[in-house]
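Predicted model only: the values in this text are computed from it and were never measured.
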Amino acid sequence: WEHCWGKHRWAERFFEALEANADWLSTVTPSAWLDGSKAIGRVYIPTSSYSEMGEWALPADEGLAFAEILHTAVAEKRPEARWLRGGFWRNFQVKYREINDLHKQMLRTSAKVAAMPDGPGRTAALDHLYRGQSNDCYWHGLFGGIYISHMRLATYEHLIAAEDLADRAAGTHEAALKADIDLDGRDEVLLSTDGQVVTVDLDEGAGIGSWDIRAARHALGAVLRRRPEAYHEKLRAHAASESEGPGADVDRSAGVTSIHDQVLAKEPGLAKLLSYDWYERRSGLVRFLEAGVGPAAFADGTARELGDFVDQPFEVVEMAARRLVVARDGRVAAGKGVSPVRVTKTIELGDSRLAPTMSVEVMVEARGGAAVDVRLGLEWATMMLGGGGNPAASWAVGAQVTAHDAAGTARNVARIVQANTYIGIDIVASPSPAADAWWAPIETVSNSEAGFERVYQGSALLLSWPVRLEPGSRTVVRVEQVVSVARDHADGANDAGDAGDTPR
């Protein structure tokens, strides 16, 4: 928001300056200038942006190397500095899976809206689509971008609304589609009903990458993975120098520090919070963890994975309206024991506008090898806009109620609830058999004009069961989830007017 407001103020000041100097300064439109000026030749301008954008688009390690080379060249006033450009801005879609998913959902929605007949419905859908194309969440650098969770959710809100209007106009709310949805050259599965749209990434654990609730216009799956960033090294270096004494790393000889170089922090100890996820944060992931693992290791991402089912390919066994069955033959290893295992995952959707349901059943068949003791888990990553201890967002297990950005545990759970009363949505998850429940916030440390800050990106829930995989054994677990929506935002004559007005 600070970045957007700053851009608007710059534009205002620019036009105010033009008006104030109108007695000597004349303005002209590009077309008028072309009409009165002769061409002097041909030029092809490369795609470009300001230099920092090229740096930010690079992978974290390459960004560090590039920044060092560029800053050295600039400091030494070497002429080659002007040719150092960094990466191509579209690489943000490679660097961040979440940006690519957002971008491809926008393209899918745009195609559907373009096919709508002219009329008030198409006008409203276009309004949502254009709002969903606002550029800020399609990149990340110093100015937050995809890391700003409330902006990310607002962008999704408009895309969900536009797609819902287009599907409603075309009568295509219900679908079961296997196609290359995210344009990575490999097929995914899209299942949709009147109440929800779900995508499943077959090649990465058959994880649920998006879970959009149409009536609430809320993207439950819009969670961001914790990943290394080039600026994290600057934070670590700053923290190390601070331990040597206040101001130890401050070099004032160069004069005023650029906002791209200064190190500010909104709270102490942020460097200690840096932890990274080795897999993409999707839902319905099948985990095989060590029998003695604890909730802290799950929360900080250090829990050792014994199986090869989190980020490896599954094959489609059956696909129909509201139903998908996938399977993978893999292995689980613990200590010196290895168990060949077949995992079959069944995802079923219930068709209700205000109470859509999703059930995920997992069958584990041990097909030989050694007996292995593990903790079998189903992992979920959900976004309920619970950052900052938001009192509207919560977890509830029985009488235990906590903020959605808090961590907690409970044993032998048959029912766990996530809710955001302001959005008007809750999710009741019912594991069968009763499970151990561990939940924790997914928090990143990102940089902005105001400094380094902790940002809530959603929450992780692990429902798990201690099991012994013996040759020939079969284990079946199931999680039924019911989403309740307080209000259908598509109701009303002027649909576009109420979307995006909800403060986050």
Please check if the side chain of [X] supplies one atom and the backbone of [Y] the other of a donor-acceptor pair under 3.5 Å.
X: Arg152; Y: Ile146; answer: yes
X: Gln93; Y: His103; answer: no
X: Asp405; Y: Gly388; answer: yes
X: Ser283; Y: Ala381; answer: yes
X: Asn100; Y: Asp182; answer: yes

If you count the non-hydrogen atoms of other residues, nucleotides and ligands that lie under 6.0 Å from [atom1] in [X], is the total more than 12?
X: Glu68; atom1: CD; value: no
X: Arg415; atom1: CZ; value: no
X: Arg331; atom1: CZ; value: no
X: Tyr130; atom1: OH; value: no

Drop me the distance from [X]'s [atom1] to [Y]'s [atom2], to the nearest 0.5 angstrom.
X: Leu235; Y: Glu229; atom1: CG; atom2: CD; answer: 12.0 Å
X: Leu220; Y: Tyr156; atom1: CG; atom2: OH; answer: 12.0 Å
X: Arg478; Y: Glu361; atom1: CZ; atom2: CD; answer: 5.5 Å
X: Ser430; Y: Leu463; atom1: OG; atom2: CG; answer: 10.0 Å

With a 3.5 Å cut-off and no angle check, do the side chains of [X] and [Y] form a donor-acceptor pair?
X: Gln418; Y: Thr382; result: yes
X: Asn447; Y: Glu453; result: no
X: Arg90; Y: Tyr138; result: no

Option from Thr199, Leu202, Asp180 for which side-chain contact (heavy atoms from CB on, under 4.5 Å) with Glu188 holds: Asp180
Aromatic ring proximity Tyr456/His150, centre distance under 6.0 Å: no
NZ or CZ of Arg328 within 45° of Phe309 ring axis and under 6.0 Å: yes
Over-ring placement of Lys345 relative to Phe314, 6.0 Å and 45° cut-offs: yes
Glu290/Arg375 salt bridge by N-O under 4.0 Å criterion: no
Nearest atoms (heavy-atom pairs only) where Gly63 meets Leu58: N-CB, 3.8 Å
Exercise: identify the closest heavy-atom pair between Met383 and Ala219: CB-O, 4.0 Å
